[in-house]
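Notes for the one structure printed next.
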Amino acid sequence: MENLVPTTLIQALQKQKYHRIGGHSAVKRCKWFYEALTGGRSCYKHKFYGINSHQCIQMSPAVFYCTQQCLFCWRAQHSDLQVSWNEMTLPVWDVPEDIIRGIVRAQSRILSGYKGHVRLDPRSSGKPNVQDILLSVWLENLHSTNRWESSFTHFGARDMTTFLVTNGTLPKKLSGLSCEPTQLYVSVCAPNEEVFKRVCRPQVAGAWESLNETLALLQSFRCPTVMRSTLVKTRIWKM
Ligand code: SF4
């Protein structure tokens with residue numbers, strides 16, 4: 001990753017407690033992971049799909065690259081750190097199988113910090129450490145490879161479910177998937193184009209139209225599809 005992005009970014013990622021995988025991927029422990037292990041409470045995925053939160057992992061294969069720069073984004077952006085890099089294009093992609101192995105290793109490392117919580121020891125469920133993967137910023141890269149985008153099959157081969165989140169700006173990539181995720185989320189974070197441009201700050205032309213194209217595509221998917229929003233309490237853009 002050092003060769004692709006400035007060191008300042010790597011440090012910011014580590015500070016935010018991300019576990020890096022290979023050259024451009026990262027996983028992060030979610031709030032519910034902790035809740036499941038320490039308080040026995042899991043997120044909605046447990047109720048609807050039987051997925052334990054401590055066996056679910058949230059990750060992005062392209063943590064520094066996206067077609068938008070949302071004001072509320074969880075990723076480090078160049079304006080946050082006063083450094084610049086090409087946020088639109090990740091030039092060199094790791095092999096999907098290596099990333100998946102890295103995800104499993106990262107989850108084991110995170111779990112090793114909770115050895116005392118035997119009540120929810122993943123080994124007692126007879127299931128692997130990683131049962132489900134929440135994938136963000138998976139398609140939002142102009143030059144991502146077909147090889148990577150068809151890698152849902154690799155997750156399926158390991159009996160893992162996949163929940164894919166997309167901002168909908170690249171509908172051709174979505175319609176070109178050779179295999180569907182377990183569930184597909186499209187982020188719809190603005191009620192109209194004007195707010196969309198101010199809040200989501202798209203970096204590609206025609207992003208609002210593309211988002212609407214993506215929404216029209218949803219009915220062609222067999223997996224459950226969801227429109228998700230990020231709600232912000234106060235106005236966060238300047239007039
Ligand atoms: S679409 Fe998601 S990853 Fe991209 S800038 Fe917006 S919040 Fe961040």
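Order of listing sets the numbers, starting from 1, for every ligand and every atom in it.
Nearest non-hydrogen protein atom to atom 8 (Fe) of ligand 1 is Cys73 SG, 2.3 Å. The protein heavy atom nearest to atom 2 (Fe) of ligand 1 is Trp74 NE1, 4.3 Å. In terms of protein heavy-atom proximity, atom 5 (S) of ligand 1 is nearest to Gln68 O, 3.1 Å.
A donor atom on one side chain and an acceptor atom on the other are found under 3.5 Å apart for Gln69 and Glu87. For the residue pair Thr67 and Thr169, a side-chain donor N or O sits within less than 3.5 Å of a side-chain acceptor on the partner.
The side-chain heavy atoms of Thr225 and Val186, taken from C-beta on, include no pair separated by under 4.5 Å.
At least one N, O or S atom of Cys66, from either the backbone or the side chain, sits less than 2.8 Å from atom 4 (Fe) of ligand 1. Among the atoms of Cys70, none of the N, O or S atoms falls under 2.8 Å from atom 8 (Fe) of ligand 1.
Using cut-offs of 30° and 60° on the angle between ring planes, the pair Trp208 and Phe196 is tilted.
For Arg198 and Glu194, the salt-bridge test passes: some basic side-chain N is under 4.0 Å from an acidic carboxylate O.
Against a heavy-atom cut-off of under 4.0 Å, Arg75 is close to the following atoms of ligand 1: 3 (S), 5 (S), 8 (Fe).
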